[in-house]
Amino acid sequence: MVYFDHNATTPMLPEAEAAFLAAARDHYANPSSPHRAGARARAEMEEHRERLATLLGADAREIIFTSGATEGVNAVLRHFAAVRENGTVLVSAVEHPCVRAAARAFWDDRTIPLSVDAAGRLHVDDVAARLSAGKTTLVAVMAANNETGVVQPWTAIAEQCHAAGVVFLCDAVQWCGRLPIEPLLGNTVFVGSAHKFGGPKGVGFIRLPSAVEGFRASHGGEQEDGRRAGTENLPAVAGMVAAFENAAARAGDTAAVLARFAFRQAFAERMAAIGGRVTTVGAETLWNTVSLTMPHSPNHRWVNRLSRRGFMVSTGSACATGRDGPSHVLSAMGVGDEAARRTLRVSSGWTTTAADWDALATAFEEVAREPRETPSGSHVIEIPE
Ligand code: PLP
């Protein structure tokens, strides 16, 4: 099997698996227990918190461990909706459903969408213009999009928000472990999820600036300094931190990143030769993601035929699978419904090789040549030019 669905989830890195198993075996005690085994588990937790904070350039007290980005984003949006009752939230039109749905749930008609251009990019000037209206209390813009890989100017937006005294929520799920972490400002809430960078599923983090008071993701015990009740998942945290350290080291290696961009580019060129069109032309993207509109056939046909050949690609966001209607991300970019239904997402990982990309391109070419159903029921054979 050749796996090209890393934006949905990634396999666990060996280092993460080892750290996960070691923590489960050696530190099974509850970090809140008063005995020596509990104290050792607590010390282990705090060491992981320090290490994660170092990766983010944050203070350890600013790190809250969660069950993943969905929990983190929900808790943050709920908190600020409650403490800033009169303000509005600006939410980019291409945010992950966890941000869009949580904003709607907690901010209701105080939610204002931020549009993107045809390549899926947000423009800093648009955000600045909205901020100058003065009612905004929070801006939510993701670092990189899960469906298209488009990288947003999130550091510039964070700066604008900082200057305006506005909280900036950055869903950094697809960025972490793929590109280097940029310095985080004092207004920036940064959310990540381990299973997107080689860690276990069901664990993530929030970097909550130390100035934020009264935050409670859940009520109950006093874990996470009272900010998230519930017994900590120490093995998962250990796996997450090991994975992040490993992936961040690769992300900091410019030559490795550029080599991955070249694999992606060579693939895109072969797709263009069979009529495939990259939806994000002109935008900066992650090195691992290609959003591709094929010249014919619904995307699920491509997914199925490629899957039968051993190549795992996706129709779009894993979260939207099974939902009716085209992707909100493509709609926001002005892609028509029919073209959106022909659009696929290909997403690689650090271990994906040039040969894997090459084999995937060949599989696409084979599927393009296969007979396909026409609306009248007869078969046509695609012959690439
Ligand atoms: N944000 C983005 C950009 C994502 O890609 C995902 C996962 O698909 C999430 C948030 C939600 O992460 P999790 O499922 O780990 O809660």
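In what follows, residues are counted from 1 in the order of the sequence shown. As the structure is a computational prediction, the values presented were derived from the model and not from experiment.
Hydrophobic clustering places V76 together with V91 (ILVMFWY residues linked when any side-chain heavy atoms are closer than 4.5 Å, directly or through intermediates). At a threshold of 4.5 Å between side-chain heavy atoms, the hydrophobic network of Ile, Leu, Val, Met, Phe, Trp and Tyr places F20 and L52 in two separate groups.
Salt bridge status for E370 with R309: present, with a side-chain N to carboxylate O gap under 4.0 Å. Using a 4.0 Å cut-off between charged side-chain N and carboxylate O, R227 and E213 make no salt bridge.
Between the side chain of Q160 and the backbone N or O of A128, no donor-acceptor pair lies under 3.5 Å. Checking side-chain atoms of D253 against main-chain N and O of A255 turns up a donor-acceptor pair under 3.5 Å. For S327 (side chain) and L330 (main-chain N/O), a donor-acceptor pair under 3.5 Å exists by modelled atom type. S307 contributes no side-chain N or O that, together with a main-chain N or O of M312, makes up a donor-acceptor pair within less than 3.5 Å. Judged by distance alone, the side chain of E95 and the main-chain N or O of A101 form no donor-acceptor pair under 3.5 Å. Between the side chain of R51 and the backbone N or O of A238, no donor-acceptor pair lies under 3.5 Å. Looking at N145, its side chain does come within 3.5 Å of a backbone N or O of V94 through a donor-acceptor pair. Side chain of R341 to main chain of P298: no donor-acceptor pair is present (N/O by atom type, distance under 3.5 Å, no hydrogens or angles). Side-chain atoms of K196 come within 3.5 Å of backbone N or O of A8 as a donor-acceptor pair. Between the N299 side chain and the L344 main chain, no donor and acceptor come within less than 3.5 Å of each other.
In terms of the side chain to side chain contact (heavy atoms under 4.5 Å, CB included) criterion, residue partners of S32 (sequence neighbours excluded) are, by chain and number, N30, R42, Q223, E232. S347 pairs by the side chain to side chain contact (heavy atoms under 4.5 Å, CB included) definition with D5, H6, N7, N288, T289, R345, not counting sequence neighbours. For E15, there are no salt bridge (charged side-chain N to carboxylate O under 4.0 Å, His left out) partners two or more places apart in sequence or in a different chain.
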Practice task
Begin with the C-alpha distance, continue with both residues' side-chain angles, and end with the deciding distance and a verdict on side chain to side chain donor-acceptor pair (under 3.5 Å) for S291 and T279.
Solution key: CA-CA 6 Å; S291 166; T279 63; 2.7 Å; yes
Problem - side chain to side chain donor-acceptor pair (under 3.5 Å) between R270 and T362, intermediate numbers included - result: CA-CA 9 Å; R270 279 179 68 181; T362 303; 2.9 Å; yes
Problem - Criterion side chain to side chain donor-acceptor pair (under 3.5 Å) on R264 and T285, from CA distance to verdict - result: CA-CA 10 Å; R264 177 187 178 281; T285 65; 3.2 Å; yes
Practice task
Go through E366 and R369 one step at a time and tell me if the salt bridge (Lys or Arg N to Asp or Glu O under 4.0 Å) criterion holds.
Solution key: CA-CA 5 Å; E366 284 168 14; R369 280 196 296 270; 5.2 Å; no
Practice task
Tell me, with the steps shown, if L169 and L77 meet side-chain contact (heavy atoms from CB on, under 4.5 Å).
Solution key: CA-CA 9 Å; L169 169 60; L77 286 168; 3.9 Å; yes
Practice task
Decide yes or no on ring pair (Phe, Tyr, Trp, His ring centres under 6.0 Å) for F364 and F311, but give the supporting numbers first.
Solution key: CA-CA 10 Å; F364 262 97; F311 295 90; 8.7 Å; no
Exercise for the section: Mind running salt bridge (Lys or Arg N to Asp or Glu O under 4.0 Å) on R40 and E44 for me, showing each step along the way? Expected result: CA-CA 6 Å; R40 275 201 299 270; E44 188 76 8; over 6 Å; no
Problem - Full working for salt bridge (Lys or Arg N to Asp or Glu O under 4.0 Å) between E222 and R216 - result: CA-CA 10 Å; E222 288 304 305; R216 275 194 176 266; 3.2 Å; yes
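Each ring pair (Phe, Tyr, Trp, His ring centres under 6.0 Å) pair with one or both residues in residues 163-186, not counting sequence neighbours, appears once here: W154-W175.
The shortest side-chain heavy-atom distance between V313 and W302 does not fall under the 4.5 Å cut-off. Residues R301 and M294 fail the side-chain proximity criterion, which asks for heavy atoms closer than 4.5 Å. Looking only at side-chain heavy atoms (C-beta outward), V278 and M271 stay at 4.5 Å or farther from each other. Counting only heavy atoms from C-beta outward, the side chains of D356 and F4 approach each other to under 4.5 Å. Proximity of M142 to V99: side-chain heavy atoms (C-beta onward) are nowhere separated by under 4.5 Å. Inter-residue side-chain proximity for S314 and V303 is flagged as unmet; no heavy-atom pair is nearer than 4.5 Å. Counting only heavy atoms from C-beta outward, the side chains of R342 and R277 never approach each other to under 4.5 Å. Using a 4.5 Å heavy-atom cutoff, the side chains of H328 and P97 are in contact.
Nearest heavy atoms, A75 versus A217: CB-CB, 3.7 Å. Closest heavy-atom contact between A16 and G239: CB-O, 3.3 Å. Shown here for G87 and W107, the closest heavy-atom pair between the two residues is O-CZ3, 3.7 Å.
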Just list the side-chain donor-acceptor pairs under 3.5 Å for residues 63-74, sequence neighbours left out, or say none.
unit_1	atom_1	unit_2	atom_2	d
T66	OG1	G68	N	3.2
T66	OG1	G68	O	3.1
T66	OG1	G204	O	3.4
T66	OG1	F205	N	3.4
S67	OG	E71	OE1	2.6
E71	OE1	S67	N	2.8
E71	OE1	R228	NH2	2.9
E71	OE2	R228	NE	2.8
N74	ND2	T70	O	2.8

With a cut-off of 3.5 Å and sequence neighbours excluded, list every side-chain donor-acceptor pair involving residues 129-140.
unit_1	atom_1	unit_2	atom_2	d
S132	OG	A129	O	2.7
T137	OG1	T88	O	3.4

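Within 6.0 Å of atom CZ in F261, more than 12 heavy atoms from other residues, nucleotides or ligands are found, so the atom counts as buried in its surroundings.
Each of W287, F263, Y3 was evaluated against W350; a single residue qualifies, W287, per the ring-ring contact (aromatic ring centres under 6.0 Å, His included) test.
The CG atom of L56 sits 11.5 Å away from the OG1 atom of T188 when rounded to the nearest 0.5 Å. Separating the CG atom in D171 from the SG atom in C98 is a distance of 5.5 Å, to the nearest 0.5 Å.
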